[in-house]
Each structure stands twice: as C-alpha cells, then as structure tokens.
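Read through the structure below, which is laid out as structure tokens, and then see the notes.
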Protein chains: 2
Amino acid sequence: MALDELDRLILRALQKDARQTNRDLATAVGVAPSTSLERVRALRERGVIRGYRADVSLEALGRDVQAMISVRIRPPSRRNIEGFREWVSRLPETIAVFVTSGRQDFLVHVAVPDTNGLYAFVIDRLTQRPEVADVETSVVYEHRRVPAIEPARDRDRGGPATSRHDGAAP
Amino acid sequence: MALDELDRLILRALQKDARQTNRDLATAVGVAPSTSLERVRALRERGVIRGYRADVSLEALGRDVQAMISVRIRPPSRRNIEGFREWVSRLPETIAVFVTSGRQDFLVHVAVPDTNGLYAFVIDRLTQRPEVADVETSVVYEHRRVPAIEPARDRDRGGPATSRHDGAAP
DNA sequence: CCTGTTCTCCGAACAATATTCGGACGAGCT
DNA sequence: AGCTCGTCCGAATATTGTTCGGAGAACAGG
C-alpha cells in the first residue's frame, strides 16, 4: 500500500489534469508510457484513484452564490441523521454534505443562482423538515480546493502534523 | 451560454467518469463521436468545464480522519484574511478552504492520519498564528459530494429553489 | 409555398494514442 | 557469483481522437 515517488508524481499530475494523454503523463513524470500506464492501472485497482471527474464551473451554470449551512438535528438519532442526509443530498442546490460532530450535525454546501435562492433554500426547504432544529447560514466568498498530494518527500505517514511546514522559508 | 439537454447529459457523464473514451461518451448520450467531441471542446472553451481531476482516496493515502475547522480571525482585515488564506492553503493537511461570512471567517477542511494529527494541527499550527482568535473543530464522519448537474429538465435557471423536489414521489 | 441562411449533426479518412508483451536491467539475498 | 524478484522499457498492434465536407432540420423573409 506504500506509494513511491513515481506514484506521487503521477497522482499530482492527474490531479492537475486527469485527461492528459498517457504519453504526456509519462513525459511529465519521466518514464516510458508503458510504465506510467501500468502505474496508473495499479493505482486504480488499489483504490488510490477512485475515479476521474470533470470540474464543472458553478458560475457557468448560473449558480453564483455558495453557502455553507450549519444544521442541527433534534433528536440526533440514527434514523433522523440518515434520513436527513439522504434527503438533503438529493436537493438540486446541494453540492456537498458533511456529517459532523460538534455544534452542528450537518454542514450542507449549496450553490444557488442568487441570494434569493439561498433564502428560499433555507426557509422553503430546510425548515420544512421537522427534525431540523436549528439552521445557520454562512455565505461562501471563496472556495479553494487543494491537491491532496505533497510535492515529493518520501513517506508522508508516520509523523502526523509535526513535519516542518510553517510558511517561513528555511 | 445556455446549455441544452445534450450538454447536460455530457456534463453528467463526465462527472461520473471524465476519462471514458469519447466513443463511449457518444454512445452514452446518443450522438456520434464527432458530435460529442465538438460539444466537449465547446464546453471547455466556454469555461463550463474547468478541467479534469483524479479523485484520490484520502484513506488510501493514510489520512483517515477528516475535520472541518472553524476559524475566527481578529481583526478580520483584508491583510489578515488573505494572509491566513494563503498560509492555510499550503499546509499539507488542508484539502479545502472556505472563506465565509457568519460566526467564523474560515472553514478549513483537513485530512490527517489520526486524531493525534488533528490535535497537532490545531494546537501546533493554527494557534501559532497571532491573527487566529478562535478555533472550533468538528470531526467529519462522512463527506458526500453531489454531482452539480440535474438529471434533465430544461432550464434550471429562473426559478430559484422553488422547483418541486421534496423527497416524496408525486 | 418557396428560397436562402444558419445551425447541428453525421460518417469516413487520417493521425495519434492506448495497450500488450517479451525481454533487459538492477537490487537484494544465499 | 548465482539466483530470484520486481521494475521498467520499446516496438508491434488495436483502439481511439480529430478533422472536414456535406446532409438534413429549423427558421425568416419574400
């Protein structure tokens, strides 16, 4: 299950552009096409790569406003939690659902056309569910995703969160 | 900028598997390969498709614990907000950053090997920044992403959040 | 109703790519 | 050294991407 540096390079390249040709990928990571192909196949079979997704612009779809909605479920029984999770996952405004511990039980990430849509989502949809005890809306000004693979550095595991990495250049 | 049903079918298909061959995509959406190819190119040039990303399993990377960390910045000046955003985006534990309105200024989505790593992230990293006034950690039990494209139904825009969609089948 | 225009879609030809497979090479072990 | 194991490579083949001319539908104006 260990990933060597070649695997990491491949994962990083495929997170930037999953649709580049295998030839380009091979060139980018410095091996022969047959090698990179075999590695990619292995990564998929091992479950390291779960799939490939198109990154669709929400703005281009006319959904310019994003929000993170904190939801508290009462009582937080398994039945209520799972029921709400399934229901909210199927709403067209929803783009992600986090089931969490802490102050709230859910964080629902939504994208809507405008602030009206946001308001409507909260008051027309969420508050109609009886198990929803409390709702708190935070508008998302910016959403930045970060690639999950580190530049190089062998072995990421083992030293959790204590590696040198404090913003100041050494 | 309007998307017809064929565009939507293509976007949906590419969100499920962005690496399927153009032939398969064409078959799936019911057109000739040359047609789907042209549509996909147009969608990319229009910015509807921003790119293609490999979906990498965090568990396979040994990062089994996820959390959403709510951070309040004081004072919330532009300098502080942007400084913190850049800094936290570069931490290896960070997988997403939301800049928000509301109780907190940031929601930081992190993935770490274990709860120790989570604790270390908060007390070793976050609280070392002087502008961080308050931190609240929520463990993420489950993170579900939802495809951003609706099944079919012409025109998504115009009727924000008021479409029929309440879980109960008609 | 006809005609010209525009747009979308198609299918075949060509260029490029993915995929397979036998073997070379080096590391590690006895 | 001799052996085994694993990785990587390069050429051959099958599959795919890409281009382009033209057919057909939808539409507006006469």
Side-chain angles (χ1 to χ4, degrees), chain A residues 1-57 60-62 149-158, chain B residues 1-57 60-62 149-158:
Chain A
M1 172 52 68
L3 302 179
D4 63 12
E5 191 170 325
L6 179 54
D7 289 323
R8 287 174 177 278
L9 284 171
I10 288 173
L11 288 175
R12 266 166 57 81
L14 289 181
Q15 287 203 330
K16 279 196 296 191
D17 179 9
R19 260 206 151 178
Q20 62 190 299
T21 67
N22 184 55
R23 266 187 151 76
D24 292 344
L25 174 64
T27 302
V29 302
V31 295
S34 52
T35 302
S36 61
L37 190 75
E38 175 56 31
R39 289 298 191 110
V40 170
R41 174 164 46 200
L43 287 170
R44 265 226 316 219
E45 278 173 5
R46 284 198 284 166
V48 179
I49 296 176
R50 288 198 296 200
Y52 307 95
R53 316 260 174 263
D55 180 8
V56 176
S57 162
L61 298 178
I149 305 289
E150 280 294 279
R153 194 169 44 115
D154 234 19
R155 256 106 63 81
D156 192 333
R157 320 183 52 163
Chain B
M1 172 53 68
L3 303 179
D4 63 11
E5 191 170 326
L6 179 54
D7 288 324
R8 287 173 177 278
L9 284 171
I10 288 173
L11 288 175
R12 266 165 58 80
L14 289 181
Q15 287 203 328
K16 279 195 297 190
D17 180 9
R19 259 206 150 178
Q20 62 190 296
T21 68
N22 183 55
R23 271 185 149 77
D24 291 344
L25 174 63
T27 301
V29 302
V31 295
S34 52
T35 302
S36 61
L37 189 76
E38 175 56 32
R39 289 299 190 109
V40 171
R41 173 164 47 199
L43 287 170
R44 265 224 318 216
E45 277 174 7
R46 284 198 283 166
V48 179
I49 296 176
R50 287 199 295 201
Y52 307 94
R53 307 274 129 77
D55 180 8
V56 176
S57 163
L61 298 178
I149 304 290
E150 280 293 281
R153 193 170 42 114
D154 234 19
R155 254 107 64 82
D156 192 333
R157 319 180 56 161

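- To the nearest angstrom, P of D:dT7 lies 16 Å from CG of A:L9.
- Atom-to-atom distance recorded for A:L43:CG and A:E38:CD is 10.0 Å, nearest 0.5 angstrom.
- For B:S34, counting side-chain heavy atoms from C-beta on, the closest listed nucleotide (D:dT18, C:dG11, C:dT19) is C:dG11.
- Rounding to whole angstrom units, CG of residue B:N22 and P of C:dC9 are separated by 14 Å.
- Atom CD of A:E38 is separated from atom P of D:dT7 by 9 Å (rounded to the nearest Å).
- The side chain to side chain contact (heavy atoms under 4.5 Å, CB included) with B:V29 is formed by just one residue from the set B:T35, B:L14, B:I10; it is B:I10.
- What separates CD of A:Q20 from C1' of C:dA18 is a distance of 14 Å, to the nearest Å.
- Distance from the side chain of B:R23 is smallest for D:dG17 among the nucleotides D:dC8, C:dT19, D:dG17.
- Considering B:V31, B:L25, B:D4 in turn, B:D4 is the only one that fulfils the side chain to side chain contact (heavy atoms under 4.5 Å, CB included) rule with B:R39.
- Across the helix from C:dC1-D:dG30 to C:dT30-D:dA1, the helix axis at one end is tilted relative to the axis at the other end by 30° (nearest 10 degrees, each axis from five pairs).
- In this entry the distance linking CG of A:D7 with P of D:dT7 reads 10 Å, nearest Å.
- Distance A:R19 CZ to D:dT16 P: 13 Å, rounded to the nearest Å.
- Between the A:R53 side chain and the B:D55 main chain, no donor and acceptor come within less than 3.5 Å of each other.
- Of the listed nucleotides (C:dT20, D:dC9, D:dT18), C:dT20 has the atom at the smallest distance from the side chain of A:R41.
- If you check D:dG17, D:dC8, C:dT20 against the side chain of A:R39, the one that comes closest is D:dC8.
- Side-chain atoms of A:Q20 never come within 3.5 Å of backbone atoms of A:A28 as a donor-acceptor pair (strictly under, hydrogens ignored).
- Two residues are said to be in side-chain contact when any heavy atoms from C-beta on lie closer than 4.5 Å; B:L3 and B:L11 meet this criterion.
- Side-chain proximity of A:T21 to D:dG17, C:dT17, D:dC8: nearest is C:dT17.
- In this structure, B:E5 does not pair ionically with B:R8, as no charged nitrogen and carboxylate oxygen lie closer than 4.0 Å.
- Spacing between atom CG of B:L3 and atom P of C:dT8 amounts to 13 Å, rounded to whole angstrom units.
- Closest to the B:L6 side chain, of the nucleotides C:dC9, D:dT18, D:dC9, is C:dC9.
- Following rounding to the nearest Å, A:L37 (CG) and D:dG10 (P) show an atom-to-atom distance of 15 Å.
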